[in-house]
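Computed over heavy atoms, backbone and side chain alike; hydrogens, waters and symmetry mates excluded. So you know, we letter chains A, B, ... as the sequences are listed, proteins then strands, and number each from 1.
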There are 2 protein chains.
Amino acid sequence: RRCLSAVGRFAEEKVGRIAREDPRRVAHSFKVGLALTLVSVLYYVTPLFNGFGGSAMWAVLTVVIVMEFTVGATLSKGVNRALATLVASSLAIGAHKGASLIVSSENTESILLIVFIFFVASAATFSRFIPEIKARYDYGVGIFILTFSLVAVSSYRVEELMPLALQRTSTIFVGVAICLCTTVLVFPVWAGDDLHKLAASNLDKLADFLEGMETECFGENARSGNLEGKDFHDAYKSILSSKDKEDSLCTLAKWEPIHRKFGFRYPWSQYQNLGTLCRQCASTMEALASYVAILRKYQYPEANPQLYMKVQKTCSQMSLHSARTLRELSSAVRSMTTPSAMNKDLSAAMKYANGCRNELLQDSALLQLSDMVTQINEITESVNNLARLARFKNQEKARNDVVINVRNQ
Amino acid sequence: RRCLSAVGRFAEEKVGRIAREDPRRVAHSFKVGLALTLVSVLYYVTPLFNGFGGSAMWAVLTVVIVMEFTVGATLSKGVNRALATLVASSLAIGAHKGASLIVSSENTESILLIVFIFFVASAATFSRFIPEIKARYDYGVGIFILTFSLVAVSSYRVEELMPLALQRTSTIFVGVAICLCTTVLVFPVWAGDDLHKLAASNLDKLADFLEGMETECFGENARSGNLEGKDFHDAYKSILSSKDKEDSLCTLAKWEPIHRKFGFRYPWSQYQNLGTLCRQCASTMEALASYVAILRKYQYPEANPQLYMKVQKTCSQMSLHSARTLRELSSAVRSMTTPSAMNKDLSAAMKYANGCRNELLQDSALLQLSDMVTQINEITESVNNLARLARFKNQEKARNDVVINVRNQ
């Protein structure tokens, strides 16, 4: 019994942690329950479903499979499913009609249909290996193969193919409609929102790292302890592995309708450009961190204390100003305001980077930091691009708005 | 018409490239076609399917969804589907029986069932967020929700629930059996094979990089051109992003039965350890490459030519011996023979790394290379571990086998 209660406690903690990490997960779970309940109610309320007959189960099937975490994913799956079903059933009915025109015997017709199924399924399966199709229509192609085979196979047994196909297609549309309503109306989770927040938090993490390096390594109170295990030290790691998540969020965000601050033709791909630059910067940070770690492991004596002091001071200033630049960018992205055109911190960091040309070869940390300043300059340009294309609010105007709001209250 | 033919040529090239990159993709496409044809034939041959009635479509559905590229993926999906269907339909029938025992009115019973569906579906959906379940049983949980809702919903309309559930479950088993036969008997693609080859090719890529650095940067004929765009220069990049692929291959490989050289309880997780070490080494390489790139961009004059010569020579020797060590390891993994216990190249590289302690601080490339030698030492230990746990052939014995084979011929 004691063992059981230990397992119970462990599961409780785990479930609690997963729910606390992102409470939207709990909401999503109940939303799936809700959508299924709605379909079941439709099924139980007899008059509504009499028309659908045995095909009603297709609505249940659709709801279970199409309900996804974000609005974009649900919409993309729903549209994929509905379109693929329509196209595949028309094609299959066409194939059936064609086959019965060419040959008269029922046996030869079924052989012809089986040959059709073989080639259509093979070709469609192969198309799933094409990257563009895999990224956007993988699920649709799967449903296409499924529906085509089902309808073609049934055509041999079922006399009236058209009504059956129509019935199934319409139940699938009902299922997709229920999913979309639930997902948009009850606590919607937007992939675009997540992508936007991911961009801002990546910028913050880069700033965290630089601030941490400043206090721990270059600053006046720098200690020589181990850096591993410090919070800021692993900040860049999650950025390095964020590419897949970013790409899939971007694909899904493009499916989503206009919502909140994100208008029509919002430039989602800009977030991918910004993400690439952040990852480059994070990989320079990794190089810097590994260099510092090696230095501390072997604890080398200083050969030239005067040079060392100068290098440390330049490193410290570059880190500080770069971190401030990144913080300003992240808060600009978060509040969707255009960052100020002339960033004082960025120019200060660049001045330090250009001023230490002669010492660069002497110290790898200096070299990497000055490279980082160049990268942060590129990041700044990318955020400016995003602000222009996405029509972020003007900072002056935003401030005036606040003033007006305050006065009005 | 010209435009059309251009599109046609583009598609042809693209399809041709995808097929040539991995011809198993073509085989897989035809295998899916074959499996579907087998199911359709089963359906057409009347006596066989009379017993299954309208449930025959579940076999088609199963084949389309369960057929995956590797044996492991097909097996894992098939087992997930079969077990989830069994468990969910038993549970749903139990819920139906229980509900009809508690309440007598049909209406109250259906309300009770809907409440069941809501809570079971919500709980099951939440369980998909638990990482362990997501990695191995995500598909099974989906099928569980689907089957439970379908059976519970149908229980209101269908009088004889048990025969229907049994019929569906048995058609699903037939579908899974057809998938497994096709995937194992016709050109099987083993995830374990792919994982094994990935490990060997990662070791080769690390060696490629070091050899390239030796000729281009540290060797006697080193040129000062741009490194970007060189083949070897990007070798480490694919290693850095190989984690997801490796993890999923490892999960799938564990599902696969004994095949070819991979016996019972083969230590698949060792490949993950080896992969982690290779990625660490690759990220040190990235740091080294970015350092060299910065150096070349600014083209600094040499302050101390004598020291420079010494550093270059040590770097060259470390790269050469490390590359040779890695080549030996990769060929050992490829041929599944135990690598020789004392690796001369590794000890040579370590001697150079230890011998340059005093110059380390002066040159970041030297520092990073000597760190890399330590990492390659760890990689060697990891390969030795793998060889021991997987019972690789003994090198001496392997050589004798060859001799005997030659004599016998």
If I take atom [atom1] from residue [X] and atom [atom2] from residue [Y], how far apart are they, to the nearest 0.5 angstrom?
X: B:I65; Y: A:L146; atom1: CD1; atom2: CG; result: 6.0 Å
X: B:M67; Y: A:I145; atom1: CE; atom2: CD1; result: 10.5 Å
X: B:T125; Y: A:R25; atom1: OG1; atom2: CZ; result: 13.5 Å
X: A:L36; Y: B:F118; atom1: CG; atom2: CZ; result: 10.0 Å
X: B:L240; Y: A:S241; atom1: CG; atom2: OG; result: 11.5 Å
X: B:S40; Y: A:I111; atom1: OG; atom2: CD1; result: 12.5 Å

Quick test of your reading: applying salt bridge (Lys or Arg N to Asp or Glu O under 4.0 Å), list the pairs with at least one residue in residues 119-132 of chain B, sequence neighbours left out, ordered by first then second residue.
A:K14-B:E132, B:R128-B:D138
Of all the heavy-atom pairs spanning [X] and [Y], show the shortest one and how long it is.
X: B:I18; Y: A:P131; value: CD1-CD, 4.0 Å
X: B:V64; Y: A:G142; value: CG1-O, 3.8 Å
X: A:I130; Y: B:V15; value: CD1-CG2, 4.5 Å
X: B:G33; Y: A:A121; value: CA-CB, 4.1 Å

What is the ring orientation for A:H28 with B:F129, classed by angle as parallel under 30°, tilted 30 to 60°, or perpendicular over 60°?
perpendicular
I'd like to verify something: which residue of A:A35, A:S29, A:A124 has the highest number of heavy-atom pairs under 4.5 Å with chain B?
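Highest number of heavy-atom pairs under 4.5 Å: A:S29.
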Contact part of B:D244 toward chain A, heavy-atom cut-off under 4.5 Å: side chain, backbone, both or neither?
side chain
With a 4.5 angstrom heavy-atom cut-off, which part of B:A19 approaches chain A: side chain, backbone, both or neither?
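Both parts, backbone and side chain.
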Would you say B:F30 has more than 12 foreign heavy atoms packed within less than 6.0 Å of its CZ?
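Check fails, neighbour count at 12 or below.
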Which atoms of A:I117 approach chain B - backbone, side chain, both or neither, heavy atom under 4.5 Å:
side chain
Are the side chains of A:S122 and B:L34 in touch, meaning some heavy atoms are under 4.5 Å apart?
no
According to side-chain hydrogen bond (donor to acceptor under 3.5 Å, both in side chains), who are the partners of A:R279, at least two apart in sequence or on a separate chain?
A:S242, A:E246
